[in-house]
Amino acid sequence: MAVKDIMDALKNESLQDIGLDKNLAQLVKDIKLVGEELNVLLELPKAGLEDVLRTKLEQALSEVKEVKRINVRFSKTPDQSAPSQQKPQIPLQQPMFTKRKVPGVRHIVVVGSGKGGVGKSTVSANLALALKKIGYKVGLLDADIYGPSIPTMLGLKGQRVTVNERNKIVPAEKFDMKVLSIGFMLPSEDTPVIWRGPMLMKALTQFLFDVEWGDLDFLVMDLPPGTGDVQLTLAQNVEISGAIVVTTPQDVALADVRKATSMFKEVQIPVLGVVENMAYFVCPETGKRYYIFGKGRTAEFAAAYNLKILGSIPIDPEVAERSDQGEPVVVSRPDSEVSRAFIGIAKLVAQQLG
Ligand SMILES: Nc1ncnc2c1ncn2[C@@H]1O[C@H](COP(=O)(O)OP(=O)(O)OP(=O)(O)O)[C@@H](O)[C@H]1O
Ligand SMILES: [Mg+2]
């Protein structure tokens, strides 16, 4: 008795009565006759069919005297075994986290930079004021936990957070704009704070979701420099319309822009564009422009990385001076070249977000 004869016997055993358009031989993956013992590996087309298939096999071979014992094992079909062997598939385009929308806020725009000191806070404050000036309802949130400078820039030093009867944080109001800074929570602006992960995450989400923002078209957010925890926490938990990356034209700053933009892309926050700060100096006597850090570097860089330049802001000593006095340039010198540059950026941002 050869295995071939056993297979012939199995071919005659139809499986139609159990809903399979096959015969039993077609399920055999492996078969060995060792003395009087037959070892069979059968494909299991559906879970729960083990017993019925075993019985059918025994019936089909009941007349075969050479086979005294039958051992049956089952192998799963490729479809059945697939889920346990493969890693769970996460669709690439789908975020792994639940991003929440801040109630009442139409667009959150984050302002980031790869490097510190490039003018991120100056851009955040003046962009917010420029958006306000062209007719939008605006809020400004200073999320720079390491060095909140918005209170100084807007003349709100010493401001403290208050909570209303609905247990919501009430933002300050300045220049017809809602303002909240992590600095309002610190004992003094010079106190360094060490935020640990969960604490930081809680403070940030509270600063967005537990605030009486009212109805806003834009909430501009000043982020700490770099590509750290704050950026990630936000990206994973909050619906953000877009990011603006601030740089100066030096190589060192530009190299860090690359890191910042790829970080935003990775966490699926659209990069609206780059703001080139301290791009040139206008000589007050002659009106001539001096490109102190080099001309065209940012443009070259932006083209290489497919980034849009939203605007270039000149160096103006008055920007720093007025900032320190709590009078941002868009408010204090609305007709200056710097202010016009900020209005231009605000228009492009509003245009992009619709
Ligand atoms: N276009 C400009 N012309 C002149 N001074 C400027 C200009 N932009 C920014 N500054 C000044 O440069 C300094 C740094 O700017 P700012 O605080 O906005 O930078 P930042 O990127 O927020 O810094 P940090 O990393 O410390 O948060 C400030 O004193 C600011 O007033
Ligand atoms: Mg800053």
Side-chain angles (χ1 to χ4, degrees), residues 109-130 140-157 179-184 186 189-193 195 204 207 220-231 243-250 252-257 259-261 274-284 289-295 298 309-334 336-346:
V109 176
V110 295
V111 180
S113 69
K115 202 176 166 302
V118 292
K120 193 170 32 60
S121 302
T122 305
V123 171
S124 303
N126 284 289
L127 169 66
L129 288 163
L140 176 62
L141 175 55
D142 179 8
D144 189 345
I145 47 163
Y146 307 113
S149 51
I150 297 293
T152 307
M153 292 175 104
L154 296 187
L156 290 169
K157 262 188 112 142
V179 185
L180 194 56
S181 168
I182 215 124
F184 297 168
L186 309 180
E189 265 111 53
D190 310 318
T191 318
V193 189
W195 298 84
L204 274 175
F207 257 39
V220 178
M221 226 172 147
D222 182 8
L223 299 180
T227 54
D229 290 357
V230 173
Q231 285 80 348
I244 292 172
V245 181
V246 182
T247 187
T248 54
Q250 296 108 310
V252 275
L254 287 172
D256 287 331
V257 172
K259 280 188 221 152
T261 49
V274 175
V275 168
E276 183 190 32
N277 191 25
M278 312 196 201
Y280 55 89
F281 174 73
V282 186
C283 173
R289 285 186 181 189
Y290 292 91
Y291 292 84
I292 295 168
F293 300 125
K295 190 182 175 181
T298 310
I309 296 190
L310 297 168
S312 295
I313 297 154
I315 302 172
D316 183 342
E318 259 200 67
V319 168
E321 241 168 73
R322 297 282 182 131
S323 267
D324 291 345
Q325 294 160 4
E327 294 171 11
V329 66
V330 166
V331 172
S332 58
R333 279 170 56 232
S336 62
E337 187 154 343
V338 177
S339 295
R340 283 200 301 273
F342 278 119
I343 298 284
I345 295 165

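Indexing begins at 1, ligand by ligand and atom by atom, following the structure's order.
- The tally of protein N/O/S atoms under 2.8 Å from the Mg ion (ligand 2) stands at 1.
- The side chain of Asp144, and not its backbone, has at least one atom closer than 4.0 Å to an atom of ligand 1 (non-hydrogen atoms only; side chain from C-beta on).
- Annotation for Phe342 and Val123: closest pair CE2-CA, 3.8 Å, computed over non-hydrogen atoms.
- Residue Ser113 places no N or O, backbone or side chain, under 3.5 Å from any N or O of ligand 1.
- Within the model, atoms OG of Ser121 and CD1 of Ile150 stand 5.0 Å from one another, a figure rounded to the nearest 0.5 Å.
- Of the heavy atoms in Pro314, only backbone atoms (N, CA, C, O) come closer than 4.0 Å to ligand 1.
- Looking only at atom types and distance, the side chain of Ser339 has a donor-acceptor partner in the side chain of Ser336 under 3.5 Å away.
- Looking at Asn277 against ligand 1, only its side chain comes within 4.0 Å, counting heavy atoms.
- Counting heavy atoms from C-beta on, the side chains of Arg340 and Ile343 never come closer than 4.5 Å.
- Considering backbone and side-chain N/O atoms, Gly116 never comes within less than 3.5 Å of an N/O atom of ligand 1.
- Side-chain polar atoms of Thr298 and Glu276 form a donor-acceptor pair below 3.5 angstrom.
- With a 4.5 Å cut-off on side-chain heavy atoms, Met153 and Ser323 count as touching.
- Residues Asn277 and Val118 form no side-chain contact, since every pair of their non-hydrogen atoms from C-beta on lies 4.5 Å or further apart.
- From Ile244, atom CD1 reaches atom CG of Leu310 across 5.5 Å, with rounding to the nearest 0.5 Å.
- The two atoms that bring Leu140 and Ala125 nearest to each other are CD2-CA, 3.9 Å, heavy atoms only.
- Side-chain atoms of Asn126 and Val338, non-hydrogen and from C-beta on, never get closer than 4.5 Å to each other.
- Within the structure, salt bridge (charged side-chain N to carboxylate O under 4.0 Å, His left out) contacts touching residues 140-149 (residues at least two apart or in different chains) are Lys120-Asp144.
- With sequence neighbours excluded, no residue satisfies ring pair (Phe, Tyr, Trp, His ring centres under 6.0 Å) with Phe281.
- Ranking the protein heavy atoms by distance from atom 20 (P) of ligand 1 puts Lys120 N, 3.4 Å first.
- Assignment of Gly117 to the shell around ligand 1 is supported, since a heavy atom sits closer than 4.0 Å.
- The closest non-hydrogen atom to atom 31 (O) of ligand 1, taken over Ser121, Ala320, Ala125, comes from Ala320.
- For atom 19 (O) of ligand 1, the nearest non-hydrogen atom of the protein is Gly119 N, 3.0 Å.
- Considering backbone and side-chain N/O of Gly147, none are found under 3.5 Å from N/O of ligand 1.
- Within a 4.0 Å radius of atom 13 (C) of ligand 1, the protein has no heavy atom.
- Evaluation of the ring pair (Phe, Tyr, Trp, His ring centres under 6.0 Å) rule for Tyr280 yields Tyr291 as partners, not counting sequence neighbours.
- Remark: ligand 1 atoms within the under-4.0 Å shell around heavy atoms of Val319 are 2 (C), 3 (N), 4 (C), 6 (C), 7 (C).
- Among protein heavy atoms, the minimum distance from atom 10 (N) of ligand 1 is reached at Met278 CE, 3.9 Å.
- In terms of protein heavy-atom proximity, atom 30 (C) of ligand 1 is nearest to Thr122 OG1, 3.7 Å.
- For Ala130 against Val330, the heavy-atom pair with the smallest separation is N-CG1, 4.0 Å.
- The shortest contact between atom 4 (C) of ligand 1 and any protein heavy atom is with Asp316 O, 3.1 Å.
- Considering both main-chain and side-chain atoms, Ser149 never comes within under 3.5 Å of ligand 1 through any nitrogen or oxygen pair.
- With a 4.0 Å cut-off on non-hydrogen atoms, Pro225 touches ligand 1 through its side chain and not its backbone.
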